[in-house]
Amino acid sequence: MSDPLDLLQSFLGESLPASLPLTHPPTVISEPGSTPLSQILLKTTGSIPVYNLSTFSSPPPLSSLPLSSLKPSSIKGLTPTSSQIHRSDLSVFLPPSTISPLITHVSSRIVSRIFPKNSSWSSLSCQLAAYPENSTGYVEHCDVQGSCLNGDEGDDNNNNDESRILTIIYYLGYVNLTTLEVLDYSPSFGGELNVKSPDSSSSTTIKPSIGNLLTFNSLVSRHSVLPLNSTHGFHRLALTLWYSSPSPSFLKLNSKWYLSAPPLLADKYDDESIFIGIPSFNDDDIINTLKSIYLNATNSNRIYVGLVAQYDDWGKIYTEFESGYYNLKPFKKNIRILNHHPSLSTGPMNSRYLCQGLYRDETYYLSIDAHTRFRKGWDSYLIQDYKLVEGNSKTIITSYPVGWKLENEKVIVDCLDSTVLESMGITKREGTVRQKSNVINKQIKAPPLVAAGFYFVRGLGVKYPSNVHGVFFGEEEFLGIQYFKEGYAFWNTSVGVLFTKWERGAGRKVEEEMGEEERRGVEVCLRGGEEWRKEVGF
């Protein structure tokens, strides 16, 4: 049987280049008279309509759209009869995954050029709308809840923590909902969109031609759908995307855990659960980490946390569960806590062993550190990434995440790309492998290295030993060897899903204070005696 160090040597050469070149999508070709994309959110006043018109030539198949679910539209606060006086269309909301090619195009080539650095949208809602022939259209309005900046009523479905800021309409032509026959726009059909300037002194008319992609500022662009004429039974069909941003009051109260980054869009996978193991040693960021987990999850009810809390004054930290603008009280039933005094702690390996003891057969196991930030939609996206590479083999997703830091009371990350692990060789002093992560912009098969602060597996994965104490260096080598031995395939994520705080301030420098007991623990992990070999399966 191969010695663990032989196994270790067998994958040391599988390192990756420092980085891969990032590709930039081509510029969107805008129609004459359009507002530059970078100015869409800046032009909030003036006598010129604020809009950008481009084209996208890959409409979704009509058969993939929920045409049979279309129902008369309603406006929040109005009765169905009153709603039909304002708007005469049929509509249905649909998940973004239904129209993923359009979402990808819009996100990478339009939205990314509109939102300024360190600012972003927080949610996306998608609607399919169909206007029948001879309908009265939609009266002049703007797409915000309550009063928009120039005083009209809106019909926003978002909560009070965020507001629509960007509207994008994609025209699919005039469609027979039974035969799916499609006609392009003709002036005789009607149904054009009229967009007014912020001061309402001028307007422009947008033709709903197939492939037209209209972008405008939801807050200031008052618009209306003009009445339709006879269209021979065809409905004017369009997809509307609403991008929302958090309110200033929300940002002020939640700046320490909220990450301003586009949410991750994926299928929900509601029937699968995630357990998160977190060892925390006097880490005052744990409450913000828990908030980031639950309040950014697509389905917070399927998230379970096993927290090994090692605090001098855990009672003080615990009171924060029910404090702040967003409290954690609704999620307490999903958080399993093992609390003991830090003087009883015997190192991270034992702490993660205790975390695993709180696992209760959830679908997936996620290991993180107590100072982590998550992107909105992280849970569904992480499951989706896993399923894309899992196949018929055992799989682990792992890497050192990109770092985050707090600047002017805002969470700032270096980038939103994924990372992949690479070995740096064996240290002379401890005889352990040093590893690092490199930024990359796609999901790839990675070298068999594991980051204890971020790995994601189906089931529990490799079990931590119960009898190893005082070890810091050696933990990740143990994980890498064990997952390699068990035949796991190693992958990273396709984008940045979560982020860790690497700048920890003043604290123990383990490499400068490694004692003899810890050194022996490393030796046990990497080489082991007969008792150890039996326990880990060598």
Side-chain angles (χ1 to χ4, degrees), residues 275-290 292-293 304-321 328 332 335-360 365-372 398 400-401 429-430 432 434 450-455 460-480 482 498 500-526 528 531-532 535-536:
F275 176 88
I276 306 178
I278 313 176
S280 184
F281 187 91
N282 276 330
D283 196 318
D284 58 7
D285 195 54
I286 183 60
I287 296 298
N288 289 319
T289 294
L290 292 172
S292 188
I293 288 170
Y304 298 86
V305 167
L307 173 62
V308 175
Q310 304 153 91
Y311 284 84
D312 292 310
D313 187 2
W314 172 243
K316 179 180 178 182
I317 300 293
Y318 192 77
T319 58
E320 293 189 35
F321 268 75
L328 290 164
K332 285 170 67 174
I335 302 175
R336 305 159 192 160
I337 300 174
L338 177 61
N339 176 34
H340 65 76
H341 195 271
S343 63
L344 302 176
S345 177
T346 60
M349 285 197 70
N350 184 255
S351 295
R352 293 195 193 274
Y353 161 76
L354 296 174
C355 283
Q356 288 188 331
L358 299 172
Y359 170 76
R360 298 291 182 269
Y365 190 101
L366 171 63
S367 177
I368 66 168
D369 290 330
H371 33 271
T372 303
T398 183
Y400 291 146
R429 179 179 177 184
E430 294 88 17
T432 61
R434 289 297 177 87
V450 175
F454 172 35
Y455 69 81
L460 182 61
V462 166
K463 293 182 179 180
Y464 272 78
S466 62
N467 61 347
V468 174
H469 306 280
V471 171
F472 183 85
F473 292 118
E475 175 188 7
E476 293 177 330
E477 290 84 345
F478 160 76
L479 291 173
Q482 291 299 304
L498 54 87
T500 194
K501 189 175 183 181
W502 294 110
E503 298 178 6
R504 304 291 295 138
R508 179 188 174 208
K509 292 181 170 54
V510 179
E511 67 276 11
E512 295 179 0
E513 300 179 11
M514 182 180 286
E516 189 59 32
E517 180 183 357
E518 186 164 1
R519 205 180 310 280
R520 283 198 302 268
V522 172
E523 183 79 10
V524 169
C525 275
L526 294 183
E531 181 181 349
W532 171 250
E535 182 169 342
V536 300

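One N or O on the side chain of Gln356 and one on the backbone of Tyr464 form a donor-acceptor pair closer than 3.5 Å. No side-chain donor-acceptor contact under 3.5 Å links Asn350 to the backbone of Ser345. In this structure a side-chain-to-backbone donor-acceptor pair under 3.5 Å is missing from Ser367 to Tyr455.
The closest side-chain heavy-atom distance from Tyr311 to Ile286 is below 4.5 Å. At a threshold of 4.5 Å between non-hydrogen side-chain atoms, the residues Thr500 and His371 count as touching. Annotation: side chain of Asp369 is not in contact with side chain of Phe454 (no heavy-atom distance under 4.5 Å). Taking the side chain as every heavy atom from C-beta outward, Val462 and Val450 never approach each other to under 4.5 Å. Between His341 and Asp312, the closest side-chain pair of non-hydrogen atoms falls below 4.5 Å.
Rounded to the nearest 0.5 Å, atoms CD1 (Ile276) and SG (Cys355) are 11.0 Å apart. To the nearest 0.5 Å, atom CG of residue Asp285 and atom CG of residue Leu290 are 9.5 Å apart. Expressed to the nearest 0.5 Å, how far OG1 of Thr346 lies from CD of Gln310 amounts to 8.5 Å.
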Steps toward side chain to side chain contact (heavy atoms under 4.5 Å, CB included) verdict (Thr372, Ile278)
CA-CA 10 Å; Thr372 303; Ile278 313 176; over 6 Å; no
Output, in order, the C-alpha distance, side-chain angles, deciding distance and verdict of side chain to side chain contact (heavy atoms under 4.5 Å, CB included) for Ile368 and Thr289.
CA-CA 10 Å; Ile368 66 168; Thr289 294; 4.1 Å; yes
List the steps, then state whether side chain to side chain contact (heavy atoms under 4.5 Å, CB included) holds for Trp314 with Ile337.
CA-CA 11 Å; Trp314 172 243; Ile337 300 174; 3.8 Å; yes
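Closest heavy-atom contact between Arg352 and Gly277: NH1-O, 4.4 Å. Pairing each heavy atom of Pro401 with each of Trp502, the nearest pair is O-NE1, 3.0 Å. Heavy atoms only, all atoms of each residue included: Ser351 and Pro279 are closest at CB-CB, 3.6 Å. Residues Asn339 and Ala309 share a closest heavy-atom pair of OD1-O, 3.0 Å. In this structure, Ala452 and Glu476 approach most closely via the heavy-atom pair N-OE2, 2.9 Å.
Within a 6.0 Å radius of OH in Tyr353, no more than 12 heavy atoms belonging to other residues, nucleotides or ligands are found.
Aromatic rings from Tyr304 and Phe275 are positioned such that their centres are separated by 6.0 Å or more.
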